[in-house]
A.B. asks: 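This structure is in structure tokens; I'll ask about it shortly.
The shown structure was predicted, so the numbers you read here are calculated from the model rather than taken from an experiment. Numbers for residues simply follow the sequence, beginning at 1. Computed from heavy atoms alone, side chains included, the values below leave out hydrogens, waters and symmetry copies.
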Amino acid sequence: MGKDTVTNIITSIRNADINRKGTVKISSTNITENIVKTLLREGFIENVRKHRESNKSFLVLTLRYRRNRKGSYKRILNLKRISTPGLRIYSNYQQIPRILGGMGIVILSTSRGIITDREARLERIGGEVLCYIW
């Protein structure tokens with residue numbers, strides 16, 4: 001894993017979702033905890049718990065799946081990283097994109113912490129566009 005923690009989170013969740021894994025284990029930092037809290041609050045993941053192994057803390061995420069009538073699992077997470085370490089993308093509150101007409105969310109890093117696009121529009125603050133989730 002590289003130095004970009006947001007990309008590591010997105011890639012881990014996406015890979016587990018594609019492979020129909022029930023849980024994902026990611027390293028715990030302040031940024032990862034805030035992003036995971038946002039995903040939990042918005043209903044994209046089911047549960048989060050902290051796990052500690054030999055001086056390292058991890059977050060164990062339980063992913064949410066839905067079953068269709070045939071009994072097979074259907075993936076519900078689509079994640080896309082927008083701002084990268086080589087190219088930062090910033091937006092004011094008026095130009096924050098709407099994902100699927102408001103059905104998806106945009107996660108922003110602002111001066112008030114990591115928040116969603118709806119919260120940023122309500123508080124009228126902009127920031128760095130981290131990722132899209134739908």
Side-chain angles (χ1 to χ4, degrees):
M1 296 229 175
K3 300 271 185 197
D4 188 15
T5 58
V6 177
T7 303
N8 291 341
I9 297 168
I10 290 173
T11 304
S12 298
I13 293 173
R14 186 185 307 123
N15 288 341
D17 191 36
I18 289 170
N19 294 322
R20 294 190 180 115
K21 302 286 183 189
T23 60
V24 180
K25 189 164 111 176
I26 57 174
S27 61
S28 177
T29 62
N30 288 335
I31 293 173
T32 57
E33 286 180 13
N34 290 331
I35 291 174
V36 167
K37 283 178 189 175
T38 304
L39 291 175
L40 182 64
R41 189 173 61 236
E42 292 292 323
F44 288 103
I45 58 176
E46 242 178 71
N47 191 13
V48 178
R49 62 186 157 95
K50 245 184 173 175
H51 184 66
R52 191 163 181 89
E53 284 181 13
S54 64
N55 294 336
K56 292 184 181 179
S57 32
F58 296 97
L59 295 174
V60 180
L61 313 176
T62 306
L63 298 180
R64 178 170 296 202
Y65 289 100
R66 67 174 174 212
R67 287 187 138 183
N68 56 15
R69 293 181 184 172
K70 296 175 185 171
S72 62
Y73 287 103
K74 191 172 185 182
R75 49 184 280 206
I76 62 169
L77 276 177
N78 289 309
L79 301 109
K80 184 177 180 185
R81 176 77 157 123
I82 302 302
S83 184
T84 61
L87 179 63
R88 303 286 186 187
I89 306 295
Y90 296 96
S91 177
N92 63 11
Y93 76 94
Q94 296 165 334
Q95 296 174 343
I96 297 172
R98 292 185 191 272
I99 306 302
L100 293 177
M103 297 298 289
I105 64 168
V106 178
I107 295 182
L108 299 157
S109 177
T110 66
S111 59
R112 296 188 186 152
I114 294 177
I115 60 175
T116 63
D117 56 340
R118 290 182 208 107
E119 296 167 350
R121 284 188 195 98
L122 285 174
E123 296 181 17
R124 294 184 164 212
I125 55 173
E128 181 182 355
V129 180
L130 295 178
C131 60
Y132 298 159
I133 301 171
W134 69 95

A.B. asks: For residues 126-133, which side-chain N or O atoms pair as donor and acceptor with protein atoms under 3.5 Å away, sequence neighbours left out?
C.D. replies:
residue : atom : partner : partner atom : Å
E128    : OE2  : S83     : OG           : 2.6
E128    : OE2  : R88     : NH1          : 3.0

A.B. asks: Checking the side chain of R81 only, and the main-chain atoms of T11 only, is there a donor and an acceptor separated by less than 3.5 Å?
C.D. replies: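 No.
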A.B. asks: Count I, L, V, M, F, W, Y as connected when their side-chain heavy atoms are under 4.5 Å apart, and connections chain through other members. Are L79 and V24 then in the same cluster?
C.D. replies: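 Yes, L79 connects to V24 through the hydrophobic network.
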A.B. asks: So how far is it from I31 CD1 to T5 OG1, rounded to the nearest 0.5 Å?
C.D. replies: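 One gets 4.5 Å once the value is rounded to the nearest 0.5 Å.
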A.B. asks: Is atom CG of N30 surrounded by more than 12 heavy atoms (other residues, nucleotides or ligands) closer than 6.0 Å?
C.D. replies: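 Counting neighbours around CG of N30, 12 or fewer heavy atoms of other residues, nucleotides or ligands fall under 6.0 Å, so no.
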A.B. asks: Do V60 and I9 land in one hydrophobic cluster if side-chain heavy atoms of ILVMFWY residues count as linked below 4.5 Å?
C.D. replies: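 No, V60 and I9 fall in different hydrophobic clusters.
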A.B. asks: I82, Y90: one ILVMFWY side-chain cluster at the under-4.5 Å cut-off?
C.D. replies: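 No, because I82 and Y90 fall into different hydrophobic clusters, even though each may have its own neighbours under 4.5 Å.
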A.B. asks: Quick check: closest heavy atoms across P85 and D4, and the distance to 0.1 Å?
C.D. replies: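 In terms of heavy atoms, the two residues are closest at CD-OD2, 3.5 Å.
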A.B. asks: Who else is in the cluster with I115 when I, L, V, M, F, W and Y are joined by side-chain contacts under 4.5 Å?
C.D. replies: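 I125, which link up through side-chain heavy atoms under 4.5 Å apart, make up the rest of the cluster.
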A.B. asks: What residues, two or more places apart in sequence or in another chain, satisfy side-chain contact (heavy atoms from CB on, under 4.5 Å) together with R52?
C.D. replies: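 Applying side-chain contact (heavy atoms from CB on, under 4.5 Å) to R52 gives N55, S57.
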A.B. asks: Evaluate the side-chain contact (heavy atoms from CB on, under 4.5 Å) criterion for residues N8 and I26: first the C-alpha distance (whole Å), next the side-chain angles of each, then the deciding distance (0.1 Å), finally the verdict.
C.D. replies: CA-CA 8 Å; N8 291 341; I26 57 174; over 6 Å; no
A.B. asks: Taking only residues two or more places apart in sequence or in another chain, which ones pass side chain to side chain donor-acceptor pair (under 3.5 Å) with E46?
C.D. replies: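 Partners of E46 by the side chain to side chain donor-acceptor pair (under 3.5 Å) criterion come out as none, since no residue qualifies.
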A.B. asks: I'd like to check the side-chain contact (heavy atoms from CB on, under 4.5 Å) partners of N92; sequence neighbours left out, ordered by chain and number.
C.D. replies: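 Only Q94, Q95 meet the side-chain contact (heavy atoms from CB on, under 4.5 Å) criterion with N92.
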A.B. asks: Closest approach of Y93 and R121, non-hydrogen atoms and distance?
C.D. replies: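 For Y93 and R121, the tightest heavy-atom pair comes out as O-CG, 3.8 Å.
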A.B. asks: Starting from L61, can I reach F58 by hopping between I/L/V/M/F/W/Y residues whose side chains sit under 4.5 Å apart?
C.D. replies: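 No, because F58 and L61 fall into different hydrophobic clusters, even though each may have its own neighbours under 4.5 Å.
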A.B. asks: Working to the nearest 0.5 angstrom, can you tell me the gap between L100 CG and I105 CD1?
C.D. replies: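 Separation between the atoms: 12.0 Å.
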A.B. asks: If the condition is side chain to side chain donor-acceptor pair (under 3.5 Å), which residues does E33 pass it with, not counting sequence neighbours?
C.D. replies: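 Once residues adjacent in sequence are excluded, the partners of E33 under the side chain to side chain donor-acceptor pair (under 3.5 Å) criterion are S28, K50.
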A.B. asks: Under the side chain to side chain donor-acceptor pair (under 3.5 Å) rule, collect the residues that match up with T116, sequence neighbours excluded.
C.D. replies: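 Expected list: none.
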A.B. asks: Let me confirm one number: the NZ-CD1 distance from K37 to I35, rounded to the nearest 0.5 Å.
C.D. replies: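 So the NZ of K37 and the CD1 of I35 are separated by 12.0 Å.
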A.B. asks: Residues two or more places apart in sequence or in another chain: which of them pass side-chain contact (heavy atoms from CB on, under 4.5 Å) with L122?
C.D. replies: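 So L122 forms no side-chain contact (heavy atoms from CB on, under 4.5 Å) with any residue.
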A.B. asks: Checking R112 now: which residues fulfil side chain to side chain donor-acceptor pair (under 3.5 Å) with it, not counting sequence neighbours?
C.D. replies: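 With sequence neighbours excluded, R112 shows a side chain to side chain donor-acceptor pair (under 3.5 Å) to E123, given in chain and number order.
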A.B. asks: What distance separates D17 CG from R64 CZ, expressed to the nearest 0.5 Å?
C.D. replies: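 Here the interatomic distance stands at 12.5 Å.
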A.B. asks: What pair of heavy atoms forms the shortest contact from V106 to P97, and how long is it?
C.D. replies: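 Closest pair (atom of V106, atom of P97, distance): CG2-O, 3.4 Å.
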A.B. asks: In Å, rounded to the nearest 0.5 Å, how long is the span from CD of E119 to OG1 of T38?
C.D. replies: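 Those atoms lie 7.0 Å apart.
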A.B. asks: Atom CD1 in I107, atom CG in L39: separation rounded to 0.5 Å?
C.D. replies: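 Rounded to the nearest 0.5 Å, the CD1-CG separation comes to 4.5 Å.
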A.B. asks: Suppose we screen for salt bridge (Lys or Arg N to Asp or Glu O under 4.0 Å). Which residues come up paired with R98, at least two apart in sequence or across chains?
C.D. replies: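 In terms of salt bridge (Lys or Arg N to Asp or Glu O under 4.0 Å), with neighbours along the sequence ignored, R98 is linked to no residue.
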